[in-house]
Amino acid sequence: MPVYRVDPPACRLSVEAEGMTLLYHRPSGITHVLLPPAPEILTALADGPADPATLAARLAVSHAIGDGDGEDAAAVIAARLGELAAVGLVAVAPGIGGRVAG
Amino acid sequence: MRHAFSVRIGPVGFRVGSAWPQPIAAMRRLYAGYPPPRDGIADFTVRLEPTRPWRRWLRPSAMVRGDFTLPDAAPLPLAQGLLAAEMGMNLQMALGARRWLLLHASCVERDGRALLMSGHSGAGKSTLSALLGERGWRLLGDEFALLDPASGVIHPFPRPVSLKNEAIAVMAAEVAADRLGPLIPGTPKGDIRHLRPAADALARMDEPATPAMLLFPRFGASADVRPMGAIETFVRLTQASTNYVVLGEAGFAALTGLVRGVPAMAIDYPDTAAAIDLVERLWAETAR
Amino acid sequence: MPPAGDVPPSGAGATRRRLMLGAAAASTVVTIRPALAATVGSVMNCEVPVPDPRLGAGKWIDGRGQLVDAGTAGSFRPPNRPLKAEDIRKAMQGANFPGADYETSRAYMAYIRKLQNGMSGFTCYQSLQMPRA
Amino acid sequence: MSPTRLLVAVLADPQAAPALGPGAWQDVLTVARAELLIGSLAHRLHGLALPPAVRAILDDARTSAEHGRVQALWEAEMARRALVTLGVPVVLLKGTAFVAAGLAAGQGRSIGDLDILVPRDALDAVEAALLAAGWEWVKPDPYDHLYYRRWMHELPPLTHPERDRMIDVHHTILPLTARPTPDATALIADSVALENGLRVPSPADMIVHAAAHLFADGDLAGGLRNLWDIDRLVREHAGDAEFPAALAASARRHNLIPHVARALRLSAPIYATPMEGLPIGRARWADRLYARRLLARDGWGRETRPALRLAFYIRSHWIRMPPLLLARHLWTKFRRGQRGTTSSDRAS
């Protein structure tokens, strides 16, 4: 299972509304609309790189995990991390090279 | 270029050059009373040029070029030169505006507060804003609303209103004849006639207004109102803006500020009379 | 204008909030893309000639949008004027082109969807799609 | 003085700007936009006393340039993430390299597609990694692929549909058909690593590549901006005594001495670039033709001197492909045209 990293919180500007998050990603200049668990994943990953299983455990500490329609939590987290990596909000280690723009 | 005309519409200065005299003469009449660009320097340049040298005389057709262009634009017959100039100016705003978040929306003002109406072309927002402009509202613009990222106010862009097909007769019944430009038949969008904004709207074109209500009007079977949440409004407005992405963080802050501060509603209306009643009622209830 | 807050820091002390994970297949990220579709009608005379006059003059269109010889069985006569942006936008939502029946309109749309970079009308269709779904 | 001459004069010496009148400003700003130099101009004139209308237009240009910079760096970062596991050197080229390396040439610059140079034997691995990471062929036409692989110096262009950005993967810096055959291996070997692991050419190689790009694979389109890059890159090392020798050595190694010499001979009169000790070779009467072509634009932004422009356009095809191959290429395109599928020639 790959290990994922996230760039520092200062790279993201977000506004919560109606249970969703409008997020501006400074290094890419791209705006995303995030539904749970995506924002929670970014926040938890800020505590250090993790693979999906580790992250699922970390999230279980700070959140009461609702069941993912019976699917294994780590599998759901892995899918969400893949989606976040595709838009560049997280990266598979070894590294995040993006400096904070501007 | 042989023929040229410069004009300022709200905060934006344009210069239009043409290989033919007709479009420029028509613009002088339509834009009579508009100021020249500030400091004598236009923000954008538009050029009306023949597609081929011989096309200047043989079945002349005007290619619209300028600072910003889109490949694949088809030329327009010279008889529609006024429309070609309008489209060229709109294209410069759509691709070149940076000082404000550009919303494809019409906008009217009352008591210093602005009503924005956004939607696809053909949703009737130009006609609605033109009608309101004759009913005690000040027309800020029928095509673009300019949202200032720093202050959150709307700057007017009162270009002549582009009336299409049935809307021409509707407005002709409302205004003096000298307010209407020439009829331009058979354009790609049907018959077009331009309506000059009221004298007050031109005189106060530098007076911004604070956004107070946001409507997404649509022709519908019967009058209907549906409140919209901040997220849906935000996403829809990013699709109604041609420069949201290029403004970066300032665009994000401006748009999140707007959708969190201003009530938004999707409205259906069967006819313009019902639309105006609906707008007046919602404005009275909402924009205190 | 209220300042947009930064991401709230996480911490072990935070009370445990409910977090619905949702199904693995359910996407939770929507990316905002540059848009031109809403304004294309008012910023350029955007038309799509069917077929591209340089390449397929005299050809007809088959059901999959391919150019075929005139009169081929199951093919459709091309429109006599370039298709206008307004009509294409409506056809993208299922409407028919003016003066064309359902099958003909679907054939024209199939042709338009196959437009490649460099073919005339490509940018017009591309801007009608912005943002690409 | 023509608006284009005024533009290059103000770029070279910003102090000349406050003297311009409204008419001159209108034309200079219009030419600057058309030549993709308005971002650079905005940067050069920042802080000077200017008419409010001019400052507003230049502020807009800086907003555009800043967005372009963020997009270019992000595209490089996404390519880096897709290719990092290959352990292959990835050298950024042109505008993205200037910005990534924080050079003066990158300030306010409008940046186009992402250009990267990779070792020739890594081309297939790079192609596979980019396709796996979501990039797609701009034109899936098999004939194009064959043409690009055999004769051009790059993979067929790829685009990322999510971000609508194109990437050109090169394995040398000139089409194989062009007579001078630069030493791509040396360019990669001498490249400099950035903090994030991506690489940029050495300072001397950057100038040599910019000169190659200016003359060898284009019809001088965008030449005024490419020449500005060269001026800024040269000035970056104005005080370095060894630099002229390094530049001459790089030009020799890449068989591009005449291109570098001509680029420098054009940059001096147009941007007043300091030339002491630089390999500028002998002045040629053709230099004047290049300068006239670069400055061929009027105050309305229209291209002028059509005959001269056509000559350079034909030349750009001629030198990219030997005559026989050019004929076969055009004949194939013509025959394909008859069968209703096409791919127009993409100016690189």
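Every value quoted in this text rests on a predicted model; they were computed, and no experiment measured them. In what follows, chains are A, B, ... by sequence order, proteins preceding strands, each numbered from 1.
- Using a 4.0 Å cut-off between charged side-chain N and carboxylate O, C/Asp69 and C/Lys59 make a salt bridge.
- Taking a 6.0 Å sphere around CZ of B/Arg55, one finds it holds more than 12 heavy atoms contributed by other residues, nucleotides or ligands.
- Comment: B/Asp43 engages B/Arg99 in a salt bridge, judged by a side-chain N to carboxylate O separation of less than 4.0 angstrom.
- By the 6.0 Å contact criterion, CZ on B/Phe219 is enclosed, its count of non-hydrogen atoms from other residues, nucleotides or ligands being greater than 12.
- Of the two parts of C/Cys124, only the backbone, made up of N, CA, C and O, holds a non-hydrogen atom closer than 4.5 Å to a non-hydrogen atom of chain B.
- Classification of C/Lys84 and C/Glu47 as a salt-bridged pair fails, no side-chain N sitting under 4.0 Å from a carboxylate O.
- For B/Ala74, the parts sitting under 4.5 Å from any heavy atom of chain C are the backbone and the side chain alike.
- Heavy atoms closer than 4.5 Å to chain B are found nowhere in C/Arg81, neither backbone nor side chain.
- Contact annotation for B/Gln92: neither backbone nor side-chain heavy atoms come within less than 4.5 Å of a heavy atom of chain C.
- With a threshold of 4.5 angstrom between heavy atoms, B/Thr238 approaches chain C through its backbone and through its side chain.
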